[in-house]
Amino acid sequence: MITDLGGKKIYPIGFGTWRMGGDALHSSHNNDKDEISAIKFALKSGINVIDTAEIYGKGHAEELVAEAIKGRDREDLFITSKVWPMNLKHDSVIRSAQGSLKRLNTKYIDLYLIHWPNPLVNINETIGAMEELVDKGLVRNIGLSNFGVNDIKKAIAATKRHNIIANQISYSLVKKDAEDYLIPFCIKNKIKIIAHTPLGKGSVMKMKEVIEMADKYEKKPVQVAINYLMKKSLPIPKATDQNHIKEILGSVGLGLSQ
Ligand SMILES: NC(=O)c1ccc[n+]([C@@H]2O[C@H](COP(=O)([O-])OP(=O)(O)OC[C@H]3O[C@@H](n4cnc5c(N)ncnc54)[C@H](OP(=O)(O)O)[C@@H]3O)[C@@H](O)[C@H]2O)c1
């Protein structure tokens with residue numbers, strides 16, 4: 001179970017915001033009220049990690065997060081955002097981070113991730129810019145997302161002053177291939193795994209084995225699925241429905257064996 005990230009105490013499940021506030025191409029204000037309520041409900045329930053990105057809702061997801069965290073002690077929260085692969089040149093990284101900070105209405109981002117590797121931009125340039133953001137206090141920690149072992153090695157080699165603390169990858173009961181090589185490599189290099197799409201967008205709850213396990217232990221399929229991931233990662237499911245959030249919270253402490 002991951003309960004510490006970048007030196008901050010965290011709840012062992014985070015909260016995703018993809019598809020809140022629109023998609024990658026459009027902002028949408030249609031569901032603002034429900035989406036802000038969902039984030040607030042997750043926070044009230046004890047979740048303190050929120051995952052967002054500059055691309056989500058073309059920035060609007062970050063604005064929803066800003067609204068939901070109003071009035072909370074910022075030090076109790078762990079906010080992750082991500083720079084899009086088209087913005088990995090030095091000045092673009094700085095501009096993207098400044099944009100995210102403004103939309104999030106916060107003085108710092110706890111964890112800033114390179115959303116996807118981009119082979120057209122030298123990783124030294126990107127990591128250099130991210131380290132500058134840490135030096136200025138605008139970002140507390142740096143990390144990667146969707147990086148394989150070779151790209152992680154290049155990113156580690158590019159660091160000068162700050163370690164890469166996390167790699168956010170697609171990891172779920174319908175996508176476990178990372179267990180063979182990528183996850184052991186990250187653990188060995190003190191890089192924590194953040195599991196995105198941990199419910200396979202809902203598909204894991206339809207797996208026969210998951211349903212059988214849930215029946216056997218009188219739990220919900222979602223709880224079996226998330227509890228499994230908590231052994232090696234920090235899962236960050238997204239849910240707008242508050243009953244879904246309540247079910248997700250019931251994943252902690254099931255004590256299922258591997
Ligand atoms: N780094 C990356 O490249 C990357 C890529 C993808 C995702 N992510 C991050 O990972 C987060 C999670 O991934 P995701 O949003 O794509 O998919 P996901 O978390 O695997 O699945 C979300 C879906 O599951 C449903 N759900 C949640 N709890 C449920 C429950 N108890 N019972 C039934 N259905 C339930 C949600 O419904 P409702 O919304 O209706 O409640 C939603 O439709 C994202 O939001 C994002 O922050 C990162």
Side-chain angles (χ1 to χ4, degrees), residues 13-24 28 30-31 33-42 45 47 49-57 59-62 64-65 68 78-88 100 104 109-118 143-148 151-152 166-176 178 182 186 192-207 210-211 214 219-230 233-252 254:
I13 302 172
F15 193 76
T17 61
W18 167 232
R19 291 256 168 211
M20 289 192 175
D23 56 27
S28 164
N30 293 345
N31 301 318
K33 199 165 155 269
D34 288 348
E35 289 166 353
I36 292 166
S37 294
I39 304 169
K40 279 187 169 172
F41 183 77
S45 307
I47 289 178
V49 176
I50 305 180
D51 180 77
T52 190
E54 63 172 344
I55 198 79
Y56 296 177
H60 188 45
E62 292 177 323
L64 296 174
V65 172
F78 191 100
I79 298 176
T80 301
S81 195
K82 317 183 192 79
V83 54
W84 192 238
M86 296 302 121
N87 298 332
L88 297 187
S100 288
L104 286 162
I109 293 166
D110 290 276
L111 176 60
Y112 200 44
L113 306 176
I114 302 174
H115 206 142
W116 287 89
N118 179 351
L144 312 169
S145 176
N146 302 306
F147 272 54
D151 284 325
I152 299 174
N167 187 21
Q168 185 179 120
I169 57 166
S170 179
Y171 178 40
S172 69
L173 283 173
V174 287
K175 198 173 181 311
K176 297 199 302 170
L182 179 57
C186 287
K192 290 193 172 155
I193 297 292
I194 300 175
H196 77 61
T197 329
L199 304 175
K201 300 192 185 294
S203 59
V204 297
M205 283 88 92
K206 295 183 188 131
M207 288 171 77
V210 175
I211 294 169
K219 297 291 172 192
K220 299 280 182 191
V222 68
Q223 296 169 338
V224 170
I226 293 287
N227 188 270
Y228 175 86
L229 299 180
M230 285 166 61
S233 70
L234 171 72
I236 49 164
K238 173 260 179 188
T240 307
D241 182 325
Q242 297 194 2
N243 287 320
H244 286 170
I245 300 173
K246 279 185 203 155
E247 285 183 2
I248 288 168
L249 290 159
S251 313
V252 182
L254 293 196

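Just so you know, ligand 1 is whichever comes first in the structure, and atom 1 is the first atom listed for that ligand.
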Structural part of Ala239 in contact with ligand 1, heavy atom criterion under 4.0 angstrom: both

Atoms of ligand 1, numbered as shown, that sit under 4.0 Å from any heavy atom of Val222: 31 (N)

Residues Ser81 and Thr52: side-chain donor-acceptor under 3.5 angstrom: no

Shortest heavy-atom approach to atom 38 (P) of ligand 1 - which of Thr17, Thr240, Leu249: Thr240

Selection from Gln223, His244, Lys206, Glu247 by shortest heavy-atom distance to atom 37 (O) of ligand 1: His244

Residue Pro237 vicinity, atoms of ligand 1 by number, heavy atom under 4.0 Å: 19 (O)

Contact partition for Pro198 relative to ligand 1, non-hydrogen atoms under 4.0 Å: both

Proximity to ligand 1 by part of Met20, non-hydrogen separation under 4.0 Å: neither

4.0 Å heavy-atom contact, Tyr56 with ligand 1: yes

The single option from Asp151, Ile152, Asn146 passing side-chain contact (heavy atoms from CB on, under 4.5 Å) against Asn167: Ile152

Contact atoms of ligand 1, heavy-atom distance to Gln168 under 4.0 Å: 1 (N), 2 (C), 4 (C), 8 (N), 9 (C), 48 (C)

Heavy-atom nearest neighbour in the protein, as seen from atom 15 (O) of ligand 1, with distance rounded to 0.1 Å: Lys238 CB, 3.2 Å

Nearest option to atom 18 (P) of ligand 1, as decided by whichever heavy atom of Lys246, Lys201, Met205 sits closest: Lys201

By side-chain hydrogen bond (donor to acceptor under 3.5 Å, both in side chains) - contacts of Asp23 (at least two apart): His26

Parallel, tilted or perpendicular: ring planes of Trp18 versus Tyr56, cut at 30 and 60 degrees: tilted

Closer than 4.0 Å: a protein non-hydrogen atom to atom 47 (O) of ligand 1: yes

Polar contact flag, side-chain donor to acceptor under 3.5 angstrom, Ser100-Glu62: yes

Residue list, side-chain hydrogen bond (donor to acceptor under 3.5 Å, both in side chains) with Lys238, at least two apart or on another chain: Thr240

